[in-house]
Each structure stands twice: as structure tokens, then as C-alpha cells.
Amino acid sequence: MADPVPVITIDGPSGSGKGTISQLLARQLGYHFLDSGALYRLLALAALGRGLELEDEAAVATLARGLDVGFPPDGRILLDGALVGEELRTETTGNAASRVAALPTVRVALLERQRAFARVPGLVADGRDMGTVVFPAAPAKVFLTASAEARAERRYKQLKEKGFDPDMAELVEEIRTRDARDANRAVAPLRPAADALILDSTGLSIEAVLARALGFVRERISA
Ligand code: C5P
């Protein structure tokens, strides 16, 4: 039997640097990249665009099953064939995503779609439950974390760079609320897999985090 496609899972709370580290790892290894948070964000945008209640589990799950999204290799993100802009990354969309992500049948509806990203030569999967639920057999799992304040500060800088005018205290509060919802939900709560490397990036540079993650991945996978 052919070897399974190697999958590296990078889970952690919002603002922990997962997105950056996952993309750098994928580039370094020449692997595909799954931004699973973008799927939940796109679903939330699609639900809002259709006037659905975000807690209407049956309607949102039906939408999730047929969701028309595209991730072409040039980095664009498409919903219903149209380009999605900065609204994908706002805190409002993140919060809406976290509400639809708490619905069990919605998570099931997105499961196979996420698994389909595992293609040769390999995949780096970024999310909350990549190592625990979506790819439980992944050979290399990282749980990236950082203090709420450090994460709010990073988010603050990112939003500033994008031309928004965020309020720091509000950001810390939003991050705490989202963490609590993600960690306490009944299905696929945010937690490290038993076999994950836990990496706290508070006070570490991107290069330092990447070097540790790469070292761990190379021990686990002969990539
Ligand atoms: O990672 P990102 O901030 O884009 O994710 C947005 C929201 O989507 C998270 O707060 C979380 O509730 C949800 N999510 C999830 N499982 C994933 C990825 C994201 O529940 N694998």
C-alpha cells in the first residue's frame, strides 16, 4: 500500500501566529496548505449574505454541504465565484465563524472537504481541531499558543496595517470571548492533541517559532 500523504497539523487559538507559521512551513516543505478557519469564515459570510440566523443549525449545515468556495494557487479566496476581500479577516467575521463552528452538524458537513486537501506531496493544516478530529493520524502535530495580550497585540498590528482602527481593550476582550467559546463548545473544542508539540510563542520571533516547528516536523517526517 502507498504511504499516506504526510499531514502536519497546526492548531491553536486565534492570533497565536498559526496562519503565518503554517504558510511558511508549507512553503518551506513544498506542501499544500489548508486554512480551515477561512472555510468557517466563508461559511459565516455566506450565511449572513443569505440572511440566515447563525444559530439555525439545519440551514447552516445545508449551506455548508453545498458551499461554493475556491482557493486557487495564486492565494485568492472565492465565495460563490466572487473574490472575497478584507471582510474575511475582520473580527466580526471571526466571531460569526466561531458561532457557526459551534454547531455539530456544520462541523461534520465540512469534514470531508477539509480532508480532501491532503494531497501529495503533503499538507500543512491550520485550525483548531486539525490534530484532534480532522487528521487524528497526522504524524506531526503542533499546538501553537501565546498569552491573550500577546495575541491581541499581534491582531492590533495586523488590523492597523490593513487600515483598520482597532481598540486594544476590545481586541483582548474579543479574543477571550472567542477562546472561551472555542474551548468550551461540545464538539471539537480547542485543545491540543495528546501527541502534539505545545509551542508557546509569547515573546518569540516568527523565525524562532518556525525553526522549532521545522525541527519537530523533520524529526517526525522525513520531509
Ligand atoms: O482561525 P480563524 O480565526 O480564521 O478561525 C475563525 C473561527 O473558526 C475560530 O474562532 C473557530 O471558532 C472556527 N474554527 C474552528 N475550527 C477550525 C478552524 C476555525 O472551529 N479548524
Side-chain angles (χ1 to χ4, degrees), residues 7 9-23 26 31-119 123-135 151 155 158-159 161-164 166 174-175 177-179 181-182 185 187-190:
V7 176
T9 61
I10 315 280
D11 289 306
S14 130
S16 57
K18 281 177 303 136
T20 307
I21 295 299
S22 305
Q23 289 185 61
Y31 281 11
H32 298 282
F33 171 59
L34 165 63
D35 174 1
S36 62
L39 273 180
Y40 287 97
R41 285 171 182 263
L42 288 165
L43 176 61
L45 285 178
L48 291 171
R50 286 162 175 77
L52 300 182
E53 284 293 329
L54 294 180
E55 272 72 30
D56 184 344
E57 183 161 6
V60 178
T62 301
L63 179 61
R65 271 177 229 115
L67 196 67
D68 174 11
V69 296
F71 298 92
D74 59 11
R76 283 178 309 143
I77 296 186
L78 307 174
L79 175 61
D80 295 323
L83 184 67
V84 184
E86 289 300 343
E87 81 255 42
L88 188 69
R89 301 296 168 192
T90 63
E91 288 304 301
T92 310
T93 304
N95 274 304
S98 132
R99 284 167 63 193
V100 295
L103 307 171
T105 51
V106 167
R107 303 197 70 87
V108 172
L110 293 180
L111 212 48
E112 288 314 316
R113 197 187 278 262
Q114 294 174 86
R115 289 183 176 148
F117 278 79
R119 282 175 282 125
L123 176 71
V124 177
D126 162 353
R128 301 290 187 292
D129 61 341
M130 298 294 100
T132 49
V133 177
V134 182
F135 300 108
R151 290 185 282 130
R155 198 60 113 195
Q158 281 174 357
L159 290 170
E161 278 164 18
K162 290 180 181 167
F164 295 101
E174 278 173 357
I175 281 191
T177 306
R178 185 131 67 99
D179 280 359
R181 195 189 291 126
D182 289 349
R185 67 185 174 210
V187 280
L190 174 66

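Everything numeric here is computed off the predicted structure, so don't read it as measured data. These values consider heavy atoms only, across backbone and side chains, with no hydrogens, waters or symmetry-generated copies. When a residue number appears, it is its place in the shown sequence, counting from 1.
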Notebook entry, point to check: Do Leu78 and Pro72 come close enough that some side-chain heavy atom pair is under 4.5 Å?
Noted result: yes
For the pair Leu110 and Val134, evaluate side-chain contact (heavy atoms from CB on, under 4.5 Å) and give the outcome as yes or no after the intermediate values.
-> CA-CA 10 Å; Leu110 293 180; Val134 182; over 6 Å; no
Closest non-hydrogen contact found for Leu39 with Leu67 is O-CD2, 4.2 Å
query = Do Val187 and Leu103 come within less than 4.5 Å of each other through their side chains, counting heavy atoms only?
reply = no
query = So, Arg50 and Asp56, do they make that salt bridge, N to O below 4.0 Å?
reply = no
Nearest heavy-atom approach of Arg128 to Gly12 is CD-O, 3.3 Å
Interatomic distance, CZ@Arg99 vs CD@Glu55, rounded to 0.5 Å, equals 4.0 Å
(message) Can you confirm whether the side chains of Glu87 and Thr93 place a donor and an acceptor under 3.5 Å from each other?
(response) no
Check: Taking C-beta and beyond as the side chain, do Arg41 and Arg89 meet within less than 4.5 Å on heavy atoms?
Finding: yes
Kindly indicate whether the side chain of Val69, heavy atoms from C-beta on, has any atom under 4.5 Å from the side chain of Ile77. no
Shortest non-hydrogen pair, Gly131 vs Asp11, comes out as N-OD2, 2.7 Å
Considering only heavy atoms from C-beta outward, does the side chain of Phe33 approach that of Asp126 to under 4.5 Å?
-> yes
Closest non-hydrogen atoms of Lys18 and Pro13, given as atom of the first, atom of the second and distance, are CE-O, 3.6 Å
Rounded to the nearest 0.5 angstrom, the CG-CD1 distance for Leu34 and Ile10 is 11.5 Å
_Any carboxylate oxygen within less than 4.0 angstrom of a Lys/Arg side-chain nitrogen, looking at Asp129 and Arg107?_
yes
Across all chains, not counting sequence neighbours, the side chain to side chain contact (heavy atoms under 4.5 Å, CB included) partners of Arg65 are Ala61, Thr62, Ala109
Practice prompt. State whether Glu112 and Arg115 are salt-bridged, where the test is any N-O pair (Lys NZ or Arg NE/NH1/NH2 against Asp/Glu carboxylate O) under 4.0 Å.
Written response: yes
**Q.** pair Ser14-Ile175: side-chain heavy atoms closer than 4.5 Å
**A.** yes
Rounding to 0.5 Å, atoms OG (Ser22) and OH (Tyr31) come to a distance of 14.0 Å
Test: Arg155 and Glu174 ion pair at under 4.0 Å: no
**Side-chain donor/acceptor of Asp80 to backbone N/O of Ala82, under 3.5 Å** = no
Across all chains, not counting sequence neighbours, the side-chain hydrogen bond (donor to acceptor under 3.5 Å, both in side chains) partners of Arg181 are Ser98
Would you say the side-chain atoms of Glu57 pair up with the backbone N or O of Thr105, donor to acceptor, closer than 3.5 Å? yes
Residues Ala64 and Arg113: closest non-hydrogen pair is O-NH2, 3.2 Å
Task: Close side-chain approach of Met130 and Phe135, heavy atoms under 4.5 Å - done: yes
The single option from Leu43, Leu45, Asp68, Leu88 that satisfies side chain to side chain contact (heavy atoms under 4.5 Å, CB included) with Leu79 is Leu45
Please step through salt bridge (Lys or Arg N to Asp or Glu O under 4.0 Å) for the pair Arg151 and Asp179, ending with a clear verdict. CA-CA 11 Å; Arg151 290 185 282 130; Asp179 280 359; 2.7 Å; yes
Note: Tyr40 and Gln114 closest approach over all heavy atoms is OH-NE2, 4.0 Å
